[in-house]
Protein chains: 2
Amino acid sequence: MRIGELSERTGTPRRLLRYYEEQGLIVADRSANGYRDYDEFFVDRVMQIRGLLDAGLPTRIIRQILPCLDKPRIIHFPDATPEMIATLEHERDRMTERVNCLIRNRDAIAEYLDAVRTDDRPLESTTAS
Amino acid sequence: MRIGELSERTGTPRRLLRYYEEQGLIVADRSANGYRDYDEFFVDRVMQIRGLLDAGLPTRIIRQILPCLDKPRIIHFPDATPEMIATLEHERDRMTERVNCLIRNRDAIAEYLDAVRTDDRPLESTTAS
DNA sequence: TCGAACCCTCACATTGATGTGAAGGTCAAG
DNA sequence: CTTGACCTTCACATCAATGTGAGGGTTCGA
């Protein structure tokens, strides 16, 4: 598929798809005329990238961890340098911290919403009746 | 405490503490000479802010949700407009998505690390012996 | 063959979170 | 009373992610 379709299917501006490529997050084939040609696979990949970006990871880190997340893992063993391992462990831990922080605050929001709702209901029904 | 101590205790540059104030995330008292004067409470608050920023939330959103997360919740009921509720619900759901994305990818990293480690061990012991 | 709808690269603009430093006030210790 | 370590505001700089548009090529249908 070409960039327009990938853009629509992932809800990502073309500009950003080119940017992700420039950052080394995706590598697109080119057809004869120079147009980018994406495999079906990139729909998921782009969503994954966007999710990680949205969760606060910079492209630099995403570029490092993406190759380790592919399914046929056998290929990726050789390039596992000690520094890479250390980086991954560090990022894994940072992600866990992020998760905890998000859960804590999300639950607080949820709790607040519950409290507001159960408190508002009588008022609402008063107004409604 | 003054800004220097808060900065050290939270690992946050003074510049950013002033920035968070400018963004309405924290409101500091002023002592007679104009210096910012922070309560003990702000140590936790700043950590919370940093965690949320690190998790990808912009200050604009953090400013909206912070007031709902304070303990004496009774005070905050009145200002719960329908739009605010909708915003909070939306953010709560976005945070859940972020959590899921982070967990998915973190677990993939962890799995990769496990795989690499169990595969490397024999080689390491060979080199070590 | 022309126009619409794609695609390309290049480049400058913006926004949010930060870094950095200037110019100056406060205060405690020497 | 001066020096050093704080603090103040203001302003300009940077970086990453993103917006926007110019200038130009490709493809396809009318």
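Here is the naming used below: chain letters follow the sequence lines, and residue numbers restart at 1 for every chain. Please read these numbers as outputs of a predicted model, since none were measured by experiment.
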How far does CD1 of B:I62 sit from CD of B:E91, to the nearest 0.5 angstrom?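 Between atom CD1 of B:I62 and atom CD of B:E91 there are 10.0 Å.
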
Roughly how far, to the nearest 0.5 Å, is CG of A:N105 from SG of B:C68?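 Output value for this atom pair is 11.0 Å.
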
Sub-3.5 Å donor-acceptor pair from the side chain of A:T12 to the main-chain atoms of A:T10, do we have one?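 Flag set: sc A:T12 to bb A:T10 pair under 3.5 Å.
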
Verify, without hydrogens or angle tests, whether B:S7 (side chain) and B:E5 (backbone) share a donor-acceptor contact under 3.5 angstrom.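 No: the side chain of B:S7 does not pair with the backbone of B:E5.
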
Using a 4.0 Å cut-off on protein heavy atoms (strictly under), produce a 5'-to-3' string for nucleotides 5-17 of chain D with B for base contact, S for backbone-only sugar-phosphate contact, and - for none. -BSBB-B----SB

Rounding to 10 degrees, work out the angle separating the end axes of the helix from C:dT1-D:dA30 to C:dG30-D:dC1 (five pairs an end).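 What I find for the helix from C:dT1-D:dA30 to C:dG30-D:dC1 is an axis angle of 10°.
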
Applying the 4.5 Å side-chain criterion to the ILVMFWY set and letting contacts propagate, would A:L16 and A:L66 be lumped into a single cluster?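 Hydrophobic grouping puts A:L16 with A:L66.
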
Quick check: is B:L17 connected to B:M47 through a chain of hydrophobic side chains (ILVMFWY, heavy atoms under 4.5 Å apart)?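 No: no chain of side-chain contacts under 4.5 Å links B:M47 to B:L17.
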
Looking at every non-hydrogen atom in both residues, tell me the closest pair between B:Q48 and B:L69 and how far apart they are.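 So the two residues come closest at NE2-CD2, 3.6 Å.
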
List every contact pair, protein side and nucleotides 22-24 of chain D side both N or O, where the distance is under 3.5 Å.
none

Which whole-number value in Å describes the distance from A:D29 CG to C:dC7 C1'?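 After rounding, the gap between these two atoms is 16 Å.
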
Which atom pairs, one a donor and one an acceptor, fall under 3.5 Å between side chains of residues 49-57 of chain A and the rest of the protein, sequence neighbours left out?
from, atom 1, to, atom 2, distance (Å)
A:R50, NE, A:Y20, OH, 3.4
A:D54, OD1, B:R94, NH2, 2.9
A:D54, OD1, B:R98, NH1, 3.2
A:D54, OD2, B:R98, NH1, 3.2

Any chance you could lay out the salt bridge (charged side-chain N to carboxylate O under 4.0 Å, His left out) test for B:E89 and A:R117, step after step, and finish with the verdict? CA-CA 12 Å; B:E89 285 173 338; A:R117 243 188 289 276; 2.7 Å; yes

Just to be sure I understand the geometry, which residues of residues 94-102 of chain B put a non-hydrogen atom under 4.0 Å away from DNA chain C?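 Contacting residues: none.
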
Taking only residues two or more places apart in sequence or in another chain, which ones pass side-chain contact (heavy atoms from CB on, under 4.5 Å) with B:E40?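 By the side-chain contact (heavy atoms from CB on, under 4.5 Å) rule, B:E40 matches B:M1, B:R9.
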
Partners of A:E8 by side chain to side chain donor-acceptor pair (under 3.5 Å), sequence neighbours excluded?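 Scan of A:E8 (side chain to side chain donor-acceptor pair (under 3.5 Å), adjacent residues dropped) gives none.
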
Atom pairs under 3.5 Å: protein N/O with N/O of nucleotides 1-3 of chain D:
none

Pairs involving residues 35-55 of chain B, ordered by first then second residue, that meet ring-ring contact (aromatic ring centres under 6.0 Å, His included) (sequence neighbours left out):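 Sorted result for residues 35-55 of chain B: B:Y38-B:F42.
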
Sequence neighbours excluded - salt bridge (charged side-chain N to carboxylate O under 4.0 Å, His left out) pairs with any residue from residues 15-27 of chain B: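 Checked against salt bridge (charged side-chain N to carboxylate O under 4.0 Å, His left out) - neighbours excluded - the pairs reaching residues 15-27 of chain B are B:E21-B:R30, B:E21-B:R36.
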
All pairs passing salt bridge (charged side-chain N to carboxylate O under 4.0 Å, His left out) where residues 56-69 of chain B contributes a residue, at least two apart: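 Applying salt bridge (charged side-chain N to carboxylate O under 4.0 Å, His left out) to every pair that reaches into residues 56-69 of chain B, excluding sequence neighbours, yields nothing.
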
Salt bridge (Lys or Arg N to Asp or Glu O under 4.0 Å) with B:R106: which residues, sequence neighbours excluded?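 Not a single residue meets the salt bridge (Lys or Arg N to Asp or Glu O under 4.0 Å) criterion with B:R106.
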
